[in-house]
Amino acid sequence: TLVMQFAVMAIQPIITVYITQIASSSDHIALIAGLVFSCTGFASMLTSSRIGKLADSIGSQKVLLVSLILAGLSSIPQGLVQTPFELGVLRFIFGIALAGLLPSVNNLIRHHTPSICLGRIYGFNQSAQYLGMFAGGVLGGQIAAAMGIANLFFITAVLLLVNAVW
């Protein structure tokens, strides 16, 4: 949960700067950046119930694994895009992958946790989610400043893929 939220939030501090670098015109940069950033949430909204149904039929562990791999692999080309449209398409794919993550994690927690401490474990998971949001926002900007924006996407990809293997 922490890594997932880190991956989502790491781009937030730098997306407008990145869009400015790859856009052919500086007109409406804030609008374009907002649209590109929202592609992730829009894709998750459209696909989460279908992916949840898939998890019910094939298992949350499999959906979690495929979602982590898809999220990691779709992060790599985000650092190589040439236009905001390309970034938006890849963020949309990233959002589809994210739609399989939280429900799968929550379902696995429910299945592997005794009911006597389920609320506490969900609370720990929620704390990890917020820590990932915080760390992604803070460290994403720092990583981009120190290593370049493209490397932020590559680092995020590595984190997601390592999480899939782990």
Side-chain angles (χ1 to χ4, degrees), residues 1-23 26 29-45 47-48 51 60-61 63-109 120-166:
T1 304
L2 186 145
V3 171
M4 172 181 25
Q5 288 302 315
F6 180 92
V8 172
M9 298 305 293
I11 190 176
Q12 188 173 6
I14 54 92
I15 191 163
T16 304
V17 174
Y18 193 43
I19 297 290
T20 301
Q21 290 175 358
I22 62 174
S26 62
I29 288 295
L31 174 63
I32 294 168
L35 289 171
V36 168
F37 189 75
S38 67
C39 285
T40 304
F42 187 65
S44 293
M45 178 189 71
T47 60
S48 60
I51 293 173
S60 294
Q61 188 71 35
V63 170
L64 181 62
L65 177 64
V66 170
S67 295
L68 282 167
I69 292 169
L70 180 60
L73 292 178
S74 68
S75 293
I76 295 167
Q78 290 180 51
L80 304 171
V81 297
Q82 301 295 313
T83 68
F85 179 78
E86 292 171 349
L87 183 60
V89 169
L90 290 167
R91 292 302 291 177
F92 189 88
I93 294 167
F94 188 75
I96 294 170
L98 290 181
L101 294 177
L102 272 179
S104 295
V105 167
N106 286 331
N107 198 25
L108 289 168
I109 288 171
R120 181 176 27 176
I121 299 304
Y122 276 134
F124 287 144
N125 186 56
Q126 194 70 29
S127 294
Q129 183 178 356
Y130 290 132
L131 179 59
M133 292 169 75
F134 169 76
V138 171
L139 297 177
Q142 297 302 314
I143 291 168
M147 303 172 85
I149 293 173
N151 287 322
L152 176 61
F153 291 105
F154 303 146
I155 290 168
T156 300
V158 168
L159 289 172
L160 291 163
L161 293 171
V162 166
N163 202 8
V165 173
W166 182 42

A side-chain contact here means heavy atoms from C-beta on lying under 4.5 Å apart; do T83 and I22 qualify? no
Please report the closest heavy-atom contact between G72 and A157, naming both atoms and the distance. O-CB, 3.2 Å
Answer yes if the side chains of Y122 and Q126 hold a donor-acceptor pair under 3.5 Å, and no otherwise. no
One should read off an interatomic distance between S48 OG and L98 CG, to the nearest 0.5 angstrom, of 11.0 Å
Measuring from atom CG of L139 to atom CD1 of I155, what distance do you get when rounded to the nearest 0.5 angstrom? 10.0 Å
Any side-chain heavy-atom pair of N151 and I143 under 4.5 Å: no
Search all heavy atoms of A71 against all heavy atoms of A97 and return the closest pair with its distance. N-CB, 3.5 Å
What side-chain donor-acceptor pairs closer than 3.5 Å can you find for residues 3-17, not counting sequence neighbours?
none

Rounded to the nearest 0.5 angstrom, the CG-OG distance for N163 and S67 is 11.5 Å
Restricting to pairs with a member in residues 147-166, which pass ring pair (Phe, Tyr, Trp, His ring centres under 6.0 Å), not counting sequence neighbours? Y18-F153
Any side-chain heavy atom of L65 within less than 4.5 Å of one from I69? yes
S60: which residues meet the side chain to side chain contact (heavy atoms under 4.5 Å, CB included) condition with it, sequence neighbours left out? A55, S104, N107, L108
Residues in side chain to side chain contact (heavy atoms under 4.5 Å, CB included) contact with I93, at least two apart in sequence or another chain: L70, S74, V89, L90
Q21 atom CD, over 12 foreign heavy atoms within 6.0 Å: yes
Could you go through the side-chain contact (heavy atoms from CB on, under 4.5 Å) check for T156 and Q78 one step at a time? CA-CA 10 Å; T156 300; Q78 290 180 51; over 6 Å; no
What are the two closest non-hydrogen atoms of L102 and Q129, and how far apart are they? CD1-NE2, 3.8 Å
For I32 and P84, work out which heavy atoms get closest and say how close. CG2-CB, 3.7 Å
Worked check of side-chain contact (heavy atoms from CB on, under 4.5 Å) between L68 and L161: CA-CA 6 Å; L68 282 167; L161 293 171; over 6 Å; no
Would you give the length of the straight line joining atom CD1 of I19 to atom CG of L87, rounded to the nearest 0.5 angstrom? 5.0 Å
Distance, nearest 0.5 Å, that separates CE of M147 from CD1 of I149: 13.5 Å
Please tabulate, for the side chains in residues 33-42, all donor-acceptor contacts under 3.5 angstrom to protein atoms that are two or more places apart in sequence or on a different chain.
{"from": "S38", "atom 1": "OG", "to": "G34", "atom 2": "O", "distance (Å)": "3.1"}
{"from": "S38", "atom 1": "OG", "to": "L35", "atom 2": "O", "distance (Å)": "2.9"}
{"from": "T40", "atom 1": "OG1", "to": "R91", "atom 2": "O", "distance (Å)": "3.3"}
{"from": "T40", "atom 1": "OG1", "to": "R91", "atom 2": "NE", "distance (Å)": "3.3"}

Let me confirm one number: the OG1-CD1 distance from T47 to I96, rounded to the nearest 0.5 Å. 5.5 Å
Please list all pairs passing the ring pair (Phe, Tyr, Trp, His ring centres under 6.0 Å) test where one or both residues lie in residues 80-99, with sequence neighbours left out. none
